Amino acid sequence: MVTGGAKLALVLLSLLFSTYYAETRNVLLIVADDGGFEMGTYRNKIVQTPNLDALAKNSLIFNNAYTSVSSCSPSRAALLTGTPSHQNGMYGLHQGEHHFNSFDDMRSLPKILKDNQIKTGIIGKKHVGPGDVFPFDYSQTEENNSILQVGRNITHIKNLAREFLSNVTQPFFLYVAFHDPHRCGHTNPEYGEFCQRFGNGEEDMGSIPDWSPIHYVPEQIELPYFMPDTMEARKDVAAQYITISRLDQGVGLLLQELKNAGHSNDTLVIYTSDNGIPFPNGRTNLYDSGIAEPMFISSPSHKERKGKVTYSLASLLDITPTVLDWFDINEGNSINNNLTGRSLLPLLIKEPQDRSKEIVFASHNLHEVTMYYPMRAARTQRYKLIHNINYNAPFPIDQDFFLSPTFQDLLNNTRTNQPTYWYKTLKKYYRRPEWELFDLKKDPEELNNVAGKESFKEIYEDLKGRLHEWQKVTKDPWLCAPHAVYEDKGDYKNEPQCLSLDI
């Protein structure tokens with residue numbers, strides 16, 4: 001029997017509980033691995049992504065979002081620190097023989113949130129380190145699980161999300177990093193080029209209970225402009241689409257778990273990908289085909305632009321400032337020697353009247369440890385400037401992309417002087433000039449380099465200057481490369497200089 005005093009206590013506790021959840025703000029960040037625009041929201045008519053499309057309708061859709069580096073670990077470190085790879089130290093892939101790590105003194109997003117009493121969780125692909133720079137209260141990743149299970153088994157991912165959400169009693173940040181639709185042909189060839197057979201119910205493939213595989217007809221696929229128009233490429237994309245649909249069904253499960261836990265109305269949901277898709281001109285490139293990302297942000301506090309599109313430039317470097325803004329954490333730009341990104345929350349209310357001065361930057365150093373090809377880029381609404389610092393070397397090809405059916409077909413056709421049905425040659429792909437400038441309005445495929453043209457001199461110098469200034473602000477060790485050496489110690493401590501190599 002409940003007494004009057006106990007009833008009053010229960011009412012007060014209930015009110016306190018309700019007030020807490022009404023004022024609580026949480027974040028669910030969903031990141032696809034090597035994902036792209038293969039969904040209905042971005043006008044793909046073939047691949048079936050009803051859950052992502054439904055999320056997009058409840059979100060602000062970004063049409064001009066870009067990664068800061070088109071390589072997995074560097075991109076994830078940039079996303080989780082708000083700093084480019086040359087600033088945070090994650091120069092290349094973290095795992096195995098590559099062994100890259102962020103600098104020990106980096107203030108990562110999970111570390112900042114933990115310091116502000118926000119519970120942090122990660123499910124799926126982590127692929128960054130060291131652990132004390134990226135600490136999560138709850139961690140189910142490749143570090144303590146099979147990446148296939150925590151990154152591709154959507155039933156297991158659902159159950160892990162349920163476990164996290166059922167034990168949270170404070171504001172939370174949950175980062176779910178799907179391994180789909182990353183290639184796996186070089187590591188787990190038995191499951192297919194994109195692990196599209198993993199868990200599909202076939203003999204020896206296992207079964208993922210919540211997954212209903214969707215198969216695609218290669219002949220019906222519309223290839224993007226930057227891919228060779230061949231049957232091998234269509235079959236490759238068809239395999240990728242199977243895993244994109246698995247990813248989509250996994251996103252639907254996650255959002256249902258969020259709803260079941262009572263957090264649909266207090267959680268900011270961000271969906272994006274880490275880098276370009278693993279096809280020619282995609283991942284590891286700073287062309288738009290390598291850095292353009294899907295992104296939507298769904299906010300329970302912003303109703304103004306749900307289902308609308310923004311054309312404002314956004315970067316994955318903006319994720320950390322956006323999350324800090326959502327949690328009203330005021331460390332802001334003092335973190336990590338000044339963040340150069342910005343909060344995207346104002347875009348959920350209103351589109352900027354003037355986007356002409358907007359600019360995003362990109363910074364690539366390595367992918368695999370042998371793939372040294374540092375590049376820097378600046379992109380405005382209309383123009384893109386790329387600095388290929390190691391331009392004397394051929395552009396490197398990573399292992400899983402090299403073994404892919406699409407690249408092998410392109411390579412073999414080139415070797416035998418057969419048609420490649422590609423929009424550039426492999427020689428042009430490998431050999432690049434030091435500077436590339438593109439007028440994206442007239443040349444969206446980035447084929448006509450106008451860096452040396454007199455009519456573009458003013459634009460070239462302006463972008464070169466803005467890129468150089470960003471490199472200075474972010475303390476880029478490659479600031480003076482490749483024609484000079486940066487000296488900032490000893491006699492040059494108070495007056496750093498680029499000293500020419502006379503080359």
Side-chain angles (χ1 to χ4, degrees), residues 34-38 42 62-72 74-75 78 84-85 223-229 233 237 272-295 313-317 359-367 371 373-391 393-398 401-402 404 406-407 410 420-452 456 459-460 463-464 467:
D34 287 7
F37 297 93
E38 301 88 353
Y42 290 106
F62 287 75
N63 259 23
N64 283 317
Y66 303 92
T67 183
S68 71
V69 49
S70 192
S71 176
C72 184
S75 179
S85 60
L223 294 171
Y225 68 90
F226 55 87
M227 285 184 58
D229 190 3
V237 172
T272 189
S273 181
D274 61 347
N275 48 257
I277 65 174
F279 286 97
N281 233 62
R283 187 182 63 193
T284 73
N285 285 274
L286 296 188
Y287 302 121
D288 274 9
S289 46
I291 64 172
E293 301 293 355
M295 184 187 289
L313 297 182
S315 166
L316 293 193
L317 294 176
I359 190 168
V360 292
F361 299 96
S363 167
H364 178 96
N365 302 300
L366 300 98
H367 183 67
M371 295 175 63
Y373 203 86
M375 300 176 285
R376 302 293 181 265
R379 191 198 194 281
T380 65
Q381 288 283 350
R382 178 162 179 175
Y383 298 100
K384 160 90 70 65
L385 179 69
I386 299 175
H387 187 195
N388 297 305
I389 297 171
N390 200 28
Y391 66 98
F395 188 78
I397 306 297
D398 60 279
F401 172 52
F402 178 83
S404 70
T406 298
F407 186 76
L410 182 59
T420 62
Y421 303 100
W422 197 30
Y423 75 144
K424 60 174 68 172
T425 65
L426 271 180
K427 183 178 180 180
K428 185 174 182 179
Y429 188 65
Y430 294 147
R431 297 291 179 181
R432 305 180 184 188
E434 180 178 2
W435 294 95
E436 296 178 276
L437 176 64
F438 302 106
D439 183 344
L440 300 172
K441 183 177 180 180
K442 296 180 178 179
D443 179 29
E445 296 180 350
E446 297 171 282
L447 289 172
N448 183 25
N449 180 16
V450 296
F456 289 89
I459 293 164
Y460 170 73
L463 285 180
K464 193 174 179 180
L467 179 60

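As the structure is a computational prediction, the values presented were derived from the model and not from experiment. Here, residue 1 is the first one in the sequence, and each next residue gets the next number.
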- Query: Would Trp422 and Phe226 count as a ring pair (Phe, Tyr, Trp, His ring centres under 6.0 Å) if you check the C-alpha gap in whole Å, the side-chain angles of each, and the deciding distance to 0.1 Å?
  - Reply: CA-CA 7 Å; Trp422 197 30; Phe226 55 87; 9.5 Å; no
- From the list Thr420, Thr406, Leu223, side-chain contact (heavy atoms from CB on, under 4.5 Å) with Pro228 holds only for Thr406
- Just checking, any donor-acceptor pair under 3.5 angstrom between side chains of Ser75 and Thr67? yes
- Hey, does Leu313 have a side-chain heavy atom less than 4.5 Å from the side chain of Gln381? yes
- Any chance OH of Tyr421 has more than 12 other-residue heavy atoms, nucleotides or ligands included, within less than 6.0 Å? no
- Among side-chain atoms of Tyr287 and Glu445, is any donor-acceptor pair under 3.5 angstrom? no
- Could you verify whether a donor N or O on one side chain and an acceptor N or O on the other, from Tyr423 and Asp229, lie under 3.5 Å apart? no
- Item | Ring centres under 6.0 angstrom apart (Tyr391, Trp435) | no
- Is Asp398 salt-bridged to Arg283, going by a charged N under 4.0 Å from an acidic O? yes
- Item | Reported OG-to-CZ distance for the pair Ser404 and Phe279, which is rounded to 0.5 angstrom | 7.0 Å
- Item | Tyr373/Phe395 aromatic ring centres below 6.0 Å | yes
- Query: Would you find a donor on one side and an acceptor on the other, under 3.5 Å apart, between the side chain of Ser70 and the backbone of Gly276?
  - Reply: yes
- Message: Is it the case that the side chains of Lys442 and Asn448 hold a donor-acceptor pair, with the cut-off being a distance below 3.5 Å and no angle test?
- Response: no
- Item | Heavy-atom side-chain contact between Asn275 and Ile291 under 4.5 Å | no
- Task: Please find out if less than 6.0 Å separates the ring center of Phe402 from that of Phe407.
- Result: yes
- Message: Between Tyr429 (side chain only) and Asn281 (backbone N and O only), is there a donor and an acceptor less than 3.5 Å apart?
- Response: yes
- If we ignore angles and hydrogens, is there a donor and acceptor under 3.5 Å between the side chains of Arg376 and Asn365? yes
- Task: Examine distances only and state if a side-chain atom of Glu436 and a backbone atom of His387 form a donor-acceptor pair shorter than 3.5 Å.
- Result: no
- Mark yes or no: Lys464 above the aromatic ring of Tyr383, with NZ or CZ under 6.0 Å from the six-membered ring centre and no more than 45 degrees from the axis. no
- Query: Looking only at side chains, do Arg432 and Asn390 share a donor and an acceptor under 3.5 Å apart?
  - Reply: no
